[in-house]
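The structure under discussion appears below in the form of structure tokens.
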Amino acid sequence: LGSALVDPLTQLSAMDDLRRDETLRYLLRWTRDGTGACVQDRAFNGAQEAAAFLGDLGSVAASVFATPPDAPHGRLRIDFEPD
């Protein structure tokens with residue numbers, strides 16, 4: 001996504017993971033939408049990915065995925081536990 005959409009902390013964390021050849025693992029969850037199609041549970045998956053990616057740098061408190069008119073492909077909001 002690049003610097004326009006990814007904060008500097010996340011970019012630095014990714015660079016550090018690459019330098020250390022780190023392997024990250026996290027759960028993915030799928031669900032059915034209103035038509036019965038199988039779709040990603042984007043809020044759950046985003047929270048899992050963030051927790052794996054950031055490791056000890058933060059704990060996920062909540063995650064919400066929405067598709068408002070100004071973000072037709074979706075917006076993922078992840079809240080973290082305070083330090």
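- For the atom pair CZ (Arg29) and CD (Gln40), the distance works out to 12.0 Å, reported to the nearest 0.5 Å.
- Taken from CZ in Phe44 to CG in Leu27, the straight-line distance is 5.0 Å, to the nearest 0.5 Å.
- Salt bridge Arg19/Asp17: absent, no basic N to carboxylate O contact under 4.0 Å.
- In this structure, Phe80 and Val60 approach most closely via the heavy-atom pair CE2-CG2, 3.9 Å.
- Partner Phe65 forms a side-chain contact (heavy atoms from CB on, under 4.5 Å) with one of Asp41, Leu76, Asn45, Ile78 and no other, that one being Leu76.
- One finds the OG atom of Ser13 at 8.0 Å from the CG atom of Leu24 (value rounded to the nearest 0.5 Å).
- Counting only distance, with no hydrogens or angles, the side chain of Thr67 and the backbone of Gly74 share no donor-acceptor pair below 3.5 Å.
- Atom CD of Glu49 is separated from atom CZ of Arg42 by 9.0 Å, given to the nearest 0.5 angstrom.
- In this structure, Ser63 and Ala43 approach most closely via the heavy-atom pair OG-O, 2.7 Å.
- Around CZ of Arg32, the count of heavy atoms belonging to other residues, nucleotides or ligands within 6.0 Å does not exceed 12.
- Under the 4.5 Å side-chain criterion, counting only non-hydrogen atoms from C-beta, Asp70 is in contact with Arg75.
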